[in-house]
Amino acid sequence: MELNDRQNKIIEIVKKEEPITGEQIAEHLHVTRATLRPDLTILTMAGFLDARPRVGYFYTGQTTAKLLADQIEKMKVNDYLSLPAVVRESSSAYDAVCMMFLEDVGSLFVVDKKGLLSGVLSRKDLLRMAIGSQDMNHVPVSVIMSRMPNITYCQSGDRVADVAELLISREIDAVPVVRRKGAGLEVIGRMTKTNVTRAFMDLAKGQIK
Ligand code: ADP
């Protein structure tokens, strides 16, 4: 968050003179207490200042970077996930391509007969098979997908920042959001680069969920 000149001056005054009342800050700046009220509210709500009744304002020692890190820490998968696009292992590669177009996604999550996560299919997995000589109608998704246990996934309580880290380090576009079901994993959502970007934009607009 960008502070204006007066807000920065207020922080400097409070740092030197804490505890200091709103009246005293106003005197320093040669303005009325009422003029300062919005700035003091913003600085207190954003965590730069701490207001104690009948004592005055204190500097919390928080830096913008630390406050931003705290906000990022609070962003959880649960608030940013999308519905998953899921395909059965036995579906053909051709059906998978159709589904990608219909659902407008770049990755499909593959489930077994019990509906549990068994793999992930990306656009390039399909392209790789398409440049081979096999017939797309006859190759099942299970043959070309990346499969468990090598699938990277997350859970709804995980931090968005940890998902971003996974997407970067594993060089993938999406992870399924899962919950445990017996010995397997049920797919309940998806987190993609777009979901992480959406979270980033909420942060930029100060609209953390
Ligand atoms: P693309 O290569 O089509 O741009 P990705 O970068 O997401 O898409 O996929 C790269 C490779 O990683 C593909 O072979 C894909 O099957 C695999 N992959 C994609 N997502 C995951 C995941 N969550 N866990 C494990 N492997 C994945």
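In listed order, ligands and their atoms are each counted from 1.
Atom CG of Leu83 sits in a sparse spot, with 12 or fewer heavy atoms from other residues, nucleotides or ligands closer than 6.0 Å. When the shell of 6.0 Å around NZ of Lys15 is examined, it contains more than 12 heavy atoms from other residues, nucleotides or ligands. The environment of Asn137 atom CG is dense: over 12 non-hydrogen atoms of other residues, nucleotides or ligands sit within 6.0 angstrom.
Of the possible donor and acceptor atoms, none in the side chain of Arg33 sits under 3.5 Å from a partner among the backbone N and O of Ala26. Of the possible donor and acceptor atoms, one in the side chain of Glu18 sits under 3.5 Å from a partner among the backbone N and O of Tyr59.
Within 4.0 Å of ligand 1, protein heavy atoms come from Val120, Ser122, Arg123, Lys124, Asp125, Ser146, Asn150, Ile151, Thr152, Glu171, Ile172, Asp173, Ala174, Val175, Pro176.
Smallest separation of non-hydrogen atoms from Pro19 and Phe58: CB-CZ, 3.6 Å.
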